[in-house]
Amino acid sequence: MTRGEKFVKWTPLRLARQRATMEGMEQAQKILEGLDERQRAAATTLNGPVRIIAGAGAGKTRTVTRRIAYACATGAWKPERVLAVTFSVKAAAEMRARLAQLGLAEGAREGSSKAAGHGAASAAVTAATFHSAALRQLNSVWTDVCDAPFPHLIEDQRDVVSRAVTRVTAVGDTDPLMVRDVLAEINWAKVSLVSLEDYARVCATAHHMPPAGLEPARFADIYGEYEKEKTSRGEIDFDDILLLVCHIMDDFPEAAARIRSSIGWLTVDEYQDISPLQHRLMMLWLGAGPDGKAAMNRNVCVVGDPAQTIYSFAGASSWDLLRFSEEFGPLAADIDLNTDYRSTPEVVSLANAVLDKSPNREDYLKLVSARTSGPRISRTVYDTDFEEAQGVAARILRLIRQGVKPSECAVLTRINAQQSVFGVALRQAGLKFRVRRDAGWQSSALTDDAASKRALLEAMGLNANGIESADDPGVTISTIHASKGLEFNHVFLVGCSEGLLPYGAPGSGDALEEERRLMYVGVTRAQDSLHVSYARTKDGYGAQQRQPSRFL
Ligand SMILES: Nc1ncnc2c1ncn2[C@@H]1O[C@H](COP(=O)(O)OP(=O)(O)OP(=O)(O)O)[C@@H](O)[C@H]1O
């Protein structure tokens, strides 16, 4: 021992503490195993703003869940003050499942105290959708800010819209398609923070078209009636949950302080899909003052991929992801993850080629596959839609005969209407299948009825963890939108023609770019093999032949 070094007396208590600390550190290091260098850099930067731009299959969920587990295991973060939000019930369930595997509380749900793990990391963190996190916050402060009973979540949003349309247009039997489009527009206005009073002005200045051929003032009347009908029923809709929490955070300082103090470390997954409303709520959670930054909690990590923004039509935008450093800089870490662990080099090369032709390619990561070479991409042109469906079913049958499980195969479509013919062909081939659809135009992460119900159950602490049955559920037929975040060994990307992908005849602006990103999302769902196809005609008739998609 050199002079100046303190003599340490190793009492049994000190020894036990030392051992516990070392065990904790070992456990924390274990959490980092299996991360590559950049993933590890992201997972070990625990303080300050962090941006992770992660390409498809680059392990963003792996990285953010390990980051949370590592921070809790080292004692740097208090689990009960950790909030991780994402957009869909499915993604939240996936995050909870992965956190549970890493030793964070079972279900990792607010209020859950049942620990599945060990050591410092075994308390509950919250991993939830924006809506369910906000609903719980609303519940927790409601009696302090309001005498009225807690409002019910809307049961039948279409019925409320339908009544509002009838009242304004005086037409008794409302067209379901009009109701669907009006509802989508109401949702869009809310998530875009366009108030009833401002709606007509926004339409005029932003060249925004109201749905169903309505005049802006007429739509605003319907929107107003919708709000009245909802209030008279004592109900709120999904976006009202976020709006109400924003309102409370603005106007009730004590309640706001309580909500804020429950969030020490915030992670926002799929940040490329954040809407202006969600962004506002996030800034309020972090305590941004009127000047945007005063006394702000800067422990925020956002993760996303600008190339996977596919909900622009519903108010999502990668704008905030791309300008994160302007808003939060200086950043503690700004990390790009571009190693694709999911797909073969053949698939990755096609995904890169899809983005390469984009005028926005500077915003997108170029992926590098970590896998060895696989089969080449198959490209097939059929005569009719049904022949395409039969051809795809025959190929899937061949794969299954070679030992592939039906659930390892997926047929991806651009729109719901393409799916039935594939269902018929798979049935004829004797194959079991399940269908994932969008809920139409308003198919944002939480607006289809099943997802809404699950979110509600989840928010109420009931079991809605999204785990599928253990039996092989069969081939998946899914829209590209509904396949986001999923991966399949063998993907059949069908309808790859002009008119279907890109859908319609989009001009050269944002609409076309969104279609390109959809193609990218579709391609990058494939792990081992990818089969792209289209049919020259719908049913063999008609002079006009479809042309191959410009994206391929
Ligand atoms: N460092 C790594 N080493 C080996 N495999 C990895 C690594 N990181 C990720 N993976 C694997 O890559 C696949 C994609 O990872 P993950 O699901 O975490 O990605 P993701 O980025 O959330 O996907 P996406 O955003 O495309 O849906 C998974 O199968 C995962 O196990």
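Each ligand, and each atom within it, is numbered from 1 in the order the structure gives. These numbers were taken from a predicted model, which means no experiment stands behind them.
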Between [X] and [Y], a side-chain donor and acceptor under 3.5 Å:
{"X": "Tyr341", "Y": "Asp36", "result": "yes"}
{"X": "Ser312", "Y": "Glu514", "result": "yes"}
{"X": "His531", "Y": "Ser529", "result": "yes"}

Of all the atoms in ligand 1, which lie at a distance below 4.0 Å from a heavy atom belonging to [X]?
{"X": "Asp36", "result": "1 (N)"}
{"X": "Ala56", "result": "26 (O)"}
{"X": "Gly34", "result": "1 (N), 2 (C), 3 (N)"}
{"X": "Gly485", "result": "27 (O)"}
{"X": "Arg525", "result": "26 (O), 27 (O)"}

(request) May I ask you to test the Leu153-Ile241 pair for a side-chain heavy-atom distance under 4.5 Å? (result) yes
(request) Would you mind finding which of Gly57, Gly55, Ala58 brings a heavy atom closest to atom 26 (O) of ligand 1? (result) Gly57
(message) Looking at non-hydrogen atoms alone, which of Arg342, Arg62, Glu487 comes nearest to atom 28 (C) of ligand 1?
(response) Glu487
What protein heavy atom sits nearest [atom], and how far off is it?
{"atom": "atom 1 (N) of ligand 1", "answer": "Gln39 OE1, 2.8 Å"}
{"atom": "atom 20 (P) of ligand 1", "answer": "Lys60 N, 3.5 Å"}
{"atom": "atom 17 (O) of ligand 1", "answer": "Arg98 NH2, 2.9 Å"}
{"atom": "atom 10 (N) of ligand 1", "answer": "Tyr341 CB, 3.5 Å"}
{"atom": "atom 22 (O) of ligand 1", "answer": "Thr61 OG1, 2.6 Å"}
{"atom": "atom 15 (O) of ligand 1", "answer": "Gly59 CA, 3.5 Å"}

(message) Can you tell me if Lys432 has over 12 outside heavy atoms packed within less than 6.0 Å of its NZ?
(response) yes
(request) For ring-ring contact (aromatic ring centres under 6.0 Å, His included), just list the numbers for Phe87 and Phe130, CA-CA rounded to whole Å, side-chain angles, deciding distance to a tenth of an Å, and then say yes or no. (result) CA-CA 6 Å; Phe87 289 79; Phe130 258 103; 5.5 Å; yes
(message) Between the side chains of Arg342 and Glu487, is the shortest nitrogen-to-carboxylate-oxygen separation below 4.0 Å, so that they form an ion pair?
(response) yes
(message) Strictly below 4.0 Å, N to O, side chains only: are Asp273 and Lys484 in salt-bridge contact?
(response) yes
(request) Starting from the C-alpha separation in whole Å, work towards a yes-or-no answer on salt bridge (Lys or Arg N to Asp or Glu O under 4.0 Å) for Arg51 and Asp334. (result) CA-CA 5 Å; Arg51 173 171 70 175; Asp334 192 4; 2.8 Å; yes
(message) Using heavy atoms and a 4.0 Å limit, tell me yes or no: is Ala54 in contact with ligand 1?
(response) no
